[in-house]
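Working notes for the structure below.
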2 protein chains.
Amino acid sequence: MKKYLKALQNCSLFRGIAEESLFTMLTCLGARVESFDKKYTVFAEGSPARYIGIVLSGSVQIVQIDYYGNRSILSHMKESDVFAEAFACAEMTSLPISVVANEPSEIMLIECSHILHTCSNSCGFHQQLIFNMMKDLASKTILFHQKIEVVSQRTTRDKIMTYLSQEAKKRGCNSFDIPYDRQALADYLEIDRSGLSAEIGKLKKEGIIESHKNHFELL
Amino acid sequence: MKKYLKALQNCSLFRGIAEESLFTMLTCLGARVESFDKKYTVFAEGSPARYIGIVLSGSVQIVQIDYYGNRSILSHMKESDVFAEAFACAEMTSLPISVVANEPSEIMLIECSHILHTCSNSCGFHQQLIFNMMKDLASKTILFHQKIEVVSQRTTRDKIMTYLSQEAKKRGCNSFDIPYDRQALADYLEIDRSGLSAEIGKLKKEGIIESHKNHFELL
DNA sequence: GAAAATCTGTTGAATTTTCAACAAACGGAG
DNA sequence: CTCCGTTTGTTGAAAATTCAACAGATTTTC
């Protein structure tokens, strides 16, 4: 467990919890760790929303496959990120999304009811955990807000530029890598892949952006 | 204040708080009530995100105006709904959205820091309030999820049908009113108003839906 | 109750996106 | 290093959306 210390300390859910308390608490919560190879499913759409997930290593994508089989990527979760917590906290009976490993990943799973409801040992962490969960959900809401801002744009070009501007702002730098390949970016922006490639080409030609593979730079 | 009792009791933020405690607590929190006429701004984009709002009567819309002046409607908040809480809880310095009264409305405003941080009187409600806020934010996240599911659809028709199906499911009934006129629905679905009108006409002609003004029925 | 303002449905043209197909570039496995 | 599967960029045709304009219907205001 020690090797996960850094990932866990950076996790918003455990802010303000001392290192020496952390592992006792995780035992009390019944946390366990599972490994997933690339493309393997962590949570499947339709399964009960009992667990929250925390990325200990690697990364996962939150995806939704619609009626026609089109993939939509909702977000990308990297080390220390929490996922599926909204559905678990709202006690939904079934997950409306799937979670898929984007590379070989280690995931911590915690049954959400153990976090929300005071355990029999009445250990003193629950108030802090609930406060942290509240903070985490607030930033998750803001994250989705930004995703809505992107997909609200009417044109391919505006979607791309809105997304890239958000990323640049988040990192405080006009030059950055994105965690998506072309198809995944298209699925995140909810546009056609070939149209995306074409538009990126135009933006480069017009000197608005520079890009090589998944590295982008705003000019 | 008494006349707001019903709206406040139905508010997710005050679940599990007894009637007799409610008004003492609101005083302790420094809650105040303001009235807004139709189309008046409750919160303006860019202003500090210190307050959360609760709709006591009437309704408001959460809107975002983009670079080109296009209005995007994020959601519709009716009696007992809480709004702007995610931004306040995340302690954002400035609001990325505006809140506009949709009809003459009475709004309760509470400074979010009063909810999140224990007050000097150390009254015993904070734990319950924080738990309720967590629950509220979880359902807000799910709400945005649904909005993303709608706007992720590629065609006008699929956006309309996804939205109407969601509404029908929420109400448990295939026949219902929506809180939007045509232009507002277009701004919520992120599509062209005239295209929306045309597509609704087709759906009616094909016998898939029935509609009159803002009343809809799935067949 | 009449006039003014707003909302809705309809049209056709212009623009944009999607779709399908292909070839070049790339990356990993052996 | 070579082969093979995957990713990316490009193209043109088909389909869908947006835009602008207008007229009829509805609602609001005085």
Side-chain angles (χ1 to χ4, degrees), chain A residues 37-39 61 66-73 100 102-104 150-163 177-206 209-216, chain B residues 37-40 58 61 66-73 100-104 150-163 177-206 208-216:
Chain A
D37 275 339
K38 184 171 180 172
K39 291 195 180 175
Q61 282 171 344
D66 76 10
Y67 188 74
Y68 305 101
N70 298 325
R71 177 178 74 161
S72 162
I73 295 182
V100 179
N102 193 43
E103 56 189 303
V150 170
V151 298
S152 294
Q153 301 299 318
R154 299 296 172 84
T155 67
T156 296
R157 169 174 291 227
D158 288 340
K159 285 181 182 175
I160 298 170
M161 290 309 293
T162 303
Y163 170 68
D177 289 354
I178 65 171
Y180 302 122
D181 63 24
R182 288 290 181 273
Q183 182 64 62
L185 182 56
D187 291 345
Y188 178 83
L189 300 178
E190 320 286 358
I191 53 180
D192 181 67
R193 182 196 60 76
S194 67
L196 170 64
S197 273
E199 197 65 41
I200 288 176
K202 278 193 212 164
L203 285 164
K204 283 163 82 168
K205 200 169 289 171
E206 293 176 30
I209 66 171
E210 198 44 72
S211 98
H212 179 65
K213 308 229 189 155
N214 65 340
H215 183 86
F216 285 83
Chain B
D37 275 340
K38 184 172 178 171
K39 292 193 179 176
Y40 274 67
Q61 282 170 343
D66 76 10
Y67 188 75
Y68 306 101
N70 298 326
R71 177 178 74 160
S72 162
I73 295 183
V100 179
N102 193 44
E103 54 189 306
V150 170
V151 299
S152 294
Q153 301 299 317
R154 300 294 172 82
T155 66
T156 297
R157 168 173 292 225
D158 289 339
K159 284 180 182 175
I160 297 170
M161 290 309 294
T162 303
Y163 171 67
D177 288 354
I178 65 171
Y180 303 122
D181 62 24
R182 287 291 180 273
Q183 182 63 61
L185 182 56
D187 290 346
Y188 178 83
L189 301 178
E190 319 286 359
I191 53 180
D192 182 66
R193 182 196 59 77
S194 67
L196 171 64
S197 273
E199 198 64 42
I200 288 176
K202 279 191 213 166
L203 286 164
K204 283 162 82 167
K205 201 170 289 172
E206 293 176 31
I208 298 173
I209 67 171
E210 198 45 73
S211 99
H212 179 66
K213 306 226 190 160
N214 64 341
H215 183 86
F216 286 82

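Order of the sequence lines sets the chain letters (A, B, ...), proteins ahead of strands, with each chain counted from 1.
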Once you round it to whole Å, what is the distance between [atom2] of [N] and [atom1] of [X]?
X        : N      : atom1 : atom2 : value
B/Ile178 : C/dT8  : CD1   : P     : 10 Å
B/Asp192 : C/dT16 : CG    : P     : 14 Å
B/Arg182 : D/dT27 : CZ    : C1'   : 16 Å
A/Leu185 : D/dG9  : CG    : P     : 11 Å
B/Asp158 : C/dT17 : CG    : C1'   : 15 Å
A/Asp181 : C/dA25 : CG    : C1'   : 15 Å
A/Ile160 : D/dT8  : CD1   : P     : 14 Å
A/Lys202 : D/dT11 : NZ    : C1'   : 13 Å

When A/Ile178, A/Val151, A/Asp158 are each screened for side chain to side chain contact (heavy atoms under 4.5 Å, CB included) with A/Tyr163, the one that passes is A/Ile178
CE (A/Met161) and CG (A/Leu203) are apart, to the nearest 0.5 Å, by 6.0 Å
In this structure, CG of A/Asn70 is separated from CG of A/Asp187 (nearest 0.5 Å) by 8.0 Å
Closest to the 5' end of DNA chain D, once A/Lys39 and B/Arg193 are matched to their nearest nucleotides, is A/Lys39
task = Output yes when a side-chain donor or acceptor of B/Asp181 lies under 3.5 Å from a complementary backbone atom of B/Ala184, and no otherwise.
result = yes
Can you tell me if B/Arg182 uses its side chain to pair, donor with acceptor, with the backbone of B/Arg193 under 3.5 Å? no
Between A/His212 and A/Arg154, the residue closer to the 5' end of DNA chain C by nearest nucleotide is A/Arg154
Note: for B/Ser194 and A/Asn70 on DNA chain C, the residue whose nearest nucleotide lies more 5' is B/Ser194
I'd like to know if B/Glu206 pairs up with B/Arg157 as an ion pair, taking the criterion as any Lys NZ or Arg NE/NH1/NH2 lying under 4.0 Å from an Asp or Glu carboxylate oxygen.
yes
- Query: B/Thr155 near the nucleic acid: base, sugar-phosphate alone, or nothing, with a heavy-atom cut-off under 4.0 Å?
  - Reply: sugar-phosphate
With a 4.0 Å cut-off on heavy atoms, is A/Ser197 in touch with a base, just the backbone sugar-phosphate, or nothing at all? base
Side-chain contact check for A/Lys213: nearest option of D/dT27, D/dG9, C/dC26 is C/dC26
As a check of understanding: the bend across the helix from C/dG1-D/dC30 to C/dG30-D/dC1, end axes from five pairs, rounded to 10 degrees, works out to 60°
Does a side chain donor of either B/Thr156 or B/Glu199 reach within less than 3.5 Å of an acceptor in the other side chain?
no
